[in-house]
Novice: 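Just dropping this structure here.
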Protein chains: 2
Amino acid sequence: MTSQYKASRFMALPERPTPAYRLSGMCLPAPLSVGELETFSAISRQISPLRKRQTLFAQGEALKSLYIVRCGSLKQVYRDITDEAHITQFYLPGEVVGLDAISTGFHPGTTQALETTSVCEILPEALEEFSRKEAAEKGGNGCFLRVMSRALHQERMMVRLLLNRTSDVRLASFLLALSTRFRQQGYSPFCFRLSMSRSDIGNYLGLAVETVSRLLGRFQDLGLLTAKGREIRVDDLDGLMALADGRARQSIWHAGIVPPSSCRLAGMPAH
Amino acid sequence: MTSQYKASRFMALPERPTPAYRLSGMCLPAPLSVGELETFSAISRQISPLRKRQTLFAQGEALKSLYIVRCGSLKQVYRDITDEAHITQFYLPGEVVGLDAISTGFHPGTTQALETTSVCEILPEALEEFSRKEAAEKGGNGCFLRVMSRALHQERMMVRLLLNRTSDVRLASFLLALSTRFRQQGYSPFCFRLSMSRSDIGNYLGLAVETVSRLLGRFQDLGLLTAKGREIRVDDLDGLMALADGRARQSIWHAGIVPPSSCRLAGMPAH
DNA sequence: CGAAGAATTGATTCCGGTCAACTCTGGTGG
DNA sequence: CCACCAGAGTTGACCGGAATCAATTCTTCG
């Protein structure tokens with residue numbers, strides 16, 4: 001037992017000792033790796049697909065099972081005491097739904113399908129059995145815990161992303177995250193369909209719908225992408241990434257193309 | 001085995017079936033309950049206290065142990081690729097430090113003491129042993145997982161808080177969270193000392209230092225609290241809570257007291 | 001088709017960031 | 001002991017980004 005081994009006891013599969021992470025692509029919870037997915041598949045069972053707008057569970061409902069998204073997508077909506085709705089997560093294929101209910105035993109938000117969506121159910125008995133076995137083998141440091149830790153970390157990065165960043169950076173990061181996810185699922189990272197509305201995106205990113213719309217228009221003017229309704233085609237991935245990493249020269253409104261009238265200075269006397 | 005029991009298998013101690021949570025008091029990771037604290041204490045060992053500014057571990061360092069704060073406080077600083085520092089957490093007594101390192105095996109941020117601070121170390125061997133036992137007993141649904149789930153949930157609430165809320169709501173929520181924590185630790189919830197600087201608070205909440213300073217002044221004018229340096233006295237807890245829950249009548253700048261000059265209109269010709 | 005929701009576009013407002021000057025505090029050394 | 005200084009905190013003036021309000025237009029879909 002080397003000291004190297006000792007030091008890495010908490011580790012699952014050491015991924016990489018990255019000292020600093022990029023902000024871009026941090027907008028969505030990390031999916032399970034292929035190996036993890038297989039593991040969980042073994043203890044889960046498919047349930048009949050959800051139609052658009054159908055809910056998987058409602059806010060306040062007791063946690064019965066965890067779920068893994070197979071295909072399609074869901075949004076988790078948390079309604080606060082002032083009855084305002086906040087979208088706290090989008091769940092895409094490969095992601096685990098329900099982790100945030102474990103502490104209280106009740107779901108903190110309603111989760112509903114954005115399109116026809118199929119999920120697998122991880123029954124508690126199966127998970128229990130699985131955990132027991134895993135714990136015996138690896139000392140309680142199983143992939144379940146790892147998934148959770150990753151979600152936690154992602155969430156912290158998300159806070160940072162949304163906090164000090166301008167609207168353009170937020171949206172660019174979000175789109176890149178989606179693009180990455182689609183690539184991981186074997187779809188084109190350049191051409192995909194948004195399953196969520198503009199207002200869902202705005203809500204999630206803390207932006208007004210109008211801002212999302214304007215930004216998409218602006219990205220198009222800059223040649224970064226083409227948006228037709230909910231169809232997105234990424235034309236300049238590097239450009240988008242530069243934007244998302246804050247590495248763009250200046251505000252996108254001053255990057256050559258004519259700014260919209262509302263941003264031109266109202267030439268007021270500088271008395 | 002009733003269906004009630006079955007439905008609550010994932011649950012630890014069902015806390016309450018709250019359908020909607022308040023945003024206020026969601027600013028800090030939940031501490032361990034007394035029971036959990038005892039449990040972990042049994043498998044941890046005290047290490048020599050940290051002096052102010054001393055680091056517990058640095059960003060990128062391999063995860064060796066988890067820690068529980070005994071007394072004092074720490075901040076976790078994440079430095080991004082543009083070398084900007086982001087405070088991702090404050091850790092107060094009773095909180096577990098290091099959970100977000102489990103997925104990669106490396107700490108995503110430097111963690112340093114804000115004041116003289118003592119922590120307990122949870123050695124990996126002890127935790128392993130503990131988890132194994134717990135898994136055998138309760139089917140892998142131990143308090144460790146619960147702590148993590150809670151942290152995840154807290155983090156999501158935090159995002160919501162920072163995202164759509166105005167600066168006054170953010171700061172009020174933050175102060176209330178601190179107040180609550182002090183009460184839980186047996187200290188006065190009305191009278192406490194901030195261990196972090198104004199700029200730390202600003203960084204954490206995504207506000208400029210100046211804004212934090214102005215808001216504290218404003219809160220004082222409104223009779224919500226008294227701030228003298230880092231000493232805080234809460235004078236109107238209900239008022240603060242109303243503010244934090246967004247249930248305050250209107251913007252705090254229009255609540256009677258004279259607004260600062262910079263907010264008065266500069267009477268410019270409206271042509 | 002017609003109605004309801006989604007998306008775009010324009011005009012205006014305002015919150016909070018930035019820059020700048022200043023004060024206050026605590027720590028250090030002559 | 002006090003002078004000095006650096007960092008923390010406060011205050012003011014100004015400006016810009018994004019919210020808001022408002023008016024259309026474009027999509028779905030019953």
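Each chain gets a letter, A, B and so on, in the order its sequence line appears, and its residues count up from 1.
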Novice: Who passes salt bridge (charged side-chain N to carboxylate O under 4.0 Å, His left out) against D83(B), sequence neighbours left out?
Specialist: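 Expected list: R79(B).
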
Novice: In Å and rounded to the nearest 0.5 Å, what is the SG to CZ distance from C191(B) to F182(B)?
Specialist: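 Here the interatomic distance stands at 10.5 Å.
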
Novice: I'd like to check the side-chain hydrogen bond (donor to acceptor under 3.5 Å, both in side chains) partners of R70(B); sequence neighbours left out, ordered by chain and number.
Specialist: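 side-chain hydrogen bond (donor to acceptor under 3.5 Å, both in side chains) check on R70(B) returns S41(B).
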
Novice: In chain order, what residues pass the ring pair (Phe, Tyr, Trp, His ring centres under 6.0 Å) check against Y67(B), with sequence neighbours excluded?
Specialist: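 With sequence neighbours excluded, Y67(B) shows a ring pair (Phe, Tyr, Trp, His ring centres under 6.0 Å) to no residue whatsoever.
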
Novice: Just by protein heavy atoms under 4.0 Å, how would nucleotides 23-30 of chain D read 5' to 3' in B, S and -?
Specialist: --------

Novice: For S197(B), give me all partners under side-chain contact (heavy atoms from CB on, under 4.5 Å), at least two apart in sequence or on another chain.
Specialist: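 Once residues adjacent in sequence are excluded, the partners of S197(B) under the side-chain contact (heavy atoms from CB on, under 4.5 Å) criterion are S199(B), D200(B), R230(B).
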
Novice: For the helix from dC1(C)-dG30(D) to dG30(C)-dC1(D), what angle separates the axis at the start from the axis at the finish, each from five pairs, in steps of 10°?
Specialist: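 The end axes of the helix from dC1(C)-dG30(D) to dG30(C)-dC1(D) are about 40° apart, to the nearest 10°.
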
Novice: Strictly under 3.5 Å: I want the nitrogen or oxygen pairs between protein and nucleotides 19-21 of chain C, one per line.
Specialist:
from	atom 1	to	atom 2	distance (Å)
dC19(C)	N4	E210(B)	OE2	2.9

Novice: Taking OP1 and OP2 of dA6(C), is either one under 4.0 Å from a side-chain nitrogen or oxygen of S199(A)?
Specialist: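 It does not, given that no N or O in the side chain of S199(A) lies less than 4.0 Å from OP1 or OP2 of dA6(C).
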
Novice: Run the salt bridge (charged side-chain N to carboxylate O under 4.0 Å, His left out) test against E231(A) and tell me which residues pass, sequence neighbours left out.
Specialist: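 Result, salt bridge (charged side-chain N to carboxylate O under 4.0 Å, His left out) vs E231(A): R193(A).
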
Novice: Using the test side-chain hydrogen bond (donor to acceptor under 3.5 Å, both in side chains), find all partners of R183(A) that sit at least two apart in sequence or belong to another chain.
Specialist: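 R183(A): no side-chain hydrogen bond (donor to acceptor under 3.5 Å, both in side chains) contacts found.
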
Novice: I'd like to check the side-chain hydrogen bond (donor to acceptor under 3.5 Å, both in side chains) partners of R233(B); sequence neighbours left out, ordered by chain and number.
Specialist: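 Partners of R233(B) under the side-chain hydrogen bond (donor to acceptor under 3.5 Å, both in side chains) test: T226(B), D235(B).
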
Novice: Identify, with sequence neighbours excluded, every residue that meets side-chain contact (heavy atoms from CB on, under 4.5 Å) alongside A172(B).
Specialist: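 Residues passing side-chain contact (heavy atoms from CB on, under 4.5 Å) with A172(B): F219(B), L240(B), L243(B), A244(B).
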
Novice: Considering residues at least two apart in sequence or located in another chain, which fulfil the side-chain hydrogen bond (donor to acceptor under 3.5 Å, both in side chains) criterion with T166(A)?
Specialist: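 With sequence neighbours excluded, T166(A) shows a side-chain hydrogen bond (donor to acceptor under 3.5 Å, both in side chains) to D168(A), given in chain and number order.
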
Novice: Does a nitrogen or oxygen in the side chain of S167(B) sit under 4.0 Å from OP1 or OP2 of dC15(C)?
Specialist: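 False: S167(B) side-chain N/O out of range (4.0 Å or more) of dC15(C) OP1/OP2.
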
